[in-house]
Amino acid sequence: MKAIPQPTGENLTTQTGVSESLVWQRADLAAAQPDWLADEVPVALVYNGISHVVMMTTPKDLEAFAIGFSLSEGIIDAPDDIFGLDVVPGCNGIEVQIELSSRRFMALKEQRRALAGRTGCGVCGVEQLEQIGKPVQPLPFTQTFDLAQLDRGLSQLKRFQPVGQQTGCTHAAAWIRPDGELAGGCEDVGRHVALDKLLGYRSQAAWGGGAVLVSSRASYEMVQKSAMCGVEILFAVSAATRLAVEVAERCNLTLVGFSKPGRATVYSHPQRLR
């Protein structure tokens with residue numbers, strides 16, 4: 001599969017995913033003013049000609065989203081399981097057409113689900129409750145992180161949110177190196193989609209050790225997606241849910257919430273942190 005470009009602060013300066021609109025401000029309801037709104041469109045992931053899921057996303061970094069979603073949902077084991085990938089705009093949305101290996105497509109058909117995704121909800125349309133929690137292999141303990149470096153990464157997070165800086169409407173997910181430098185990052189109106197985009201880029205990049213840093217809360221699905229892709233440490237700017245902590249404990253993931261300058265709350269497996 002052709003490699004996708006890595007996200008950096010430099011190559012995200014071209015603005016995509018925003019539209020101009022007229023709005024009224026509280027201070028002056030008599031005169032409309034131009035403002036920017038984040039685009040949110042339906043994106044269908046189509047595997048070997050069969051639509052598997054429709055998610056509402058910001059229409060950028062869709063190749064990375066398709067790869068990351070496929071990895072974090074266990075549809076593929078590695079990017080090499082994807083033989084081809086095309087983004088096809090349509091009248092009512094966008095299709096990402098993905099050609100899977102025969103082995104992975106047969107496995108997908110066995111556990112296929114009809115899922116109409118919405119912003120902030122990753123389990124809409126799951127047919128049975130048993131399908132919500134996917135088995136995750138326990139993670140190894142190969143990564144460590146010095147919490148003194150966390151503030152450095154937090155200060156760079158907005159660099160990967162050009163749409164968010166214009167609209168105030170996106171979440172970000174970034175890869176933070178052990179020295180606190182952000183290797184890359186993605187944004188989207190949905191926190192799960194932003195994470196999938198990052199995981200897709202990470203699968204193509206030689207970023208080495210580090211952790212995931214997200215601008216949102218840590219729901220169980222953020223933990224599960226990270227663990228499915230071998231991420232050992234997840235930093236969330238906001239809180240974690242009880243189920244997220246339980247999943248993190250089971251799969252050996254170090255989960256940290258309220259990651260803000262000068263503070264952090266460690267929920268699970270603190271032995272990776274210094």
Test item: [X] and [Y] side chains (from C-beta on) under 4.5 Å apart, heavy atoms:
X	Y	value
F65	V96	no
P59	I94	yes
R152	E181	yes
L37	C169	no

message: Just by distance, no angles: are the side chains of T58 and D39 close enough, under 3.5 Å, to form a donor-acceptor pair?
response: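 There is no such pair (donor and acceptor under 3.5 Å, judged by atom type) between the side chains of T58 and D39.
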
message: Looking only at side-chain N and O atoms, does T144 offer a donor or acceptor that is under 3.5 Å from a partner on R272?
response: no

task: Step by step, work out the side chain to side chain contact (heavy atoms under 4.5 Å, CB included) result for D77 and R103.
output: CA-CA 11 Å; D77 295 325; R103 177 179 63 88; 3.4 Å; yes

- prompt: For N92, does the CG atom sit with more than 12 other heavy atoms under 6.0 Å from it, leaving out its own atoms?
  reply: no

message: Going by ring-ring contact (aromatic ring centres under 6.0 Å, His included), name the residues that satisfy it together with Y267, two or more places apart in sequence or in a different chain.
response: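 Listed in chain order: nothing, the list is empty.
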
- prompt: Going through the distances and angles, do S70 and Y47 end up as a side chain to side chain contact (heavy atoms under 4.5 Å, CB included)?
  reply: CA-CA 10 Å; S70 300; Y47 293 93; 2.7 Å; yes

query: Do NZ/NE/NH1/NH2 and the carboxylate oxygens of K197 and E187 come within less than 4.0 Å?
result: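 No, this pair does not count.
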
- request: Please determine if D196 and R191 form a salt bridge, counting it only when a charged side-chain N lies under 4.0 Å from a carboxylate O.
  value: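 No, this pair does not count.
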
field: Reported CD1-to-OG1 distance for the pair I233 and T142, which is rounded to 0.5 angstrom
entry: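 Those atoms lie 8.5 Å apart.
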
- request: Determine, using ring centers only, whether F141 and H269 are less than 6.0 Å apart.
  value: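 Judged by ring-centre distance (under 6.0 Å), H269 and F141 do meet the cut-off.
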
- prompt: Yes or no on side chain to side chain contact (heavy atoms under 4.5 Å, CB included) for V237 and F258, after CA distance, side-chain angles and deciding distance?
  reply: CA-CA 5 Å; V237 168; F258 296 108; over 6 Å; no

task: Mind running side chain to side chain contact (heavy atoms under 4.5 Å, CB included) on V53 and M55 for me, showing each step along the way?
output: CA-CA 6 Å; V53 61; M55 303 293 287; 3.6 Å; yes

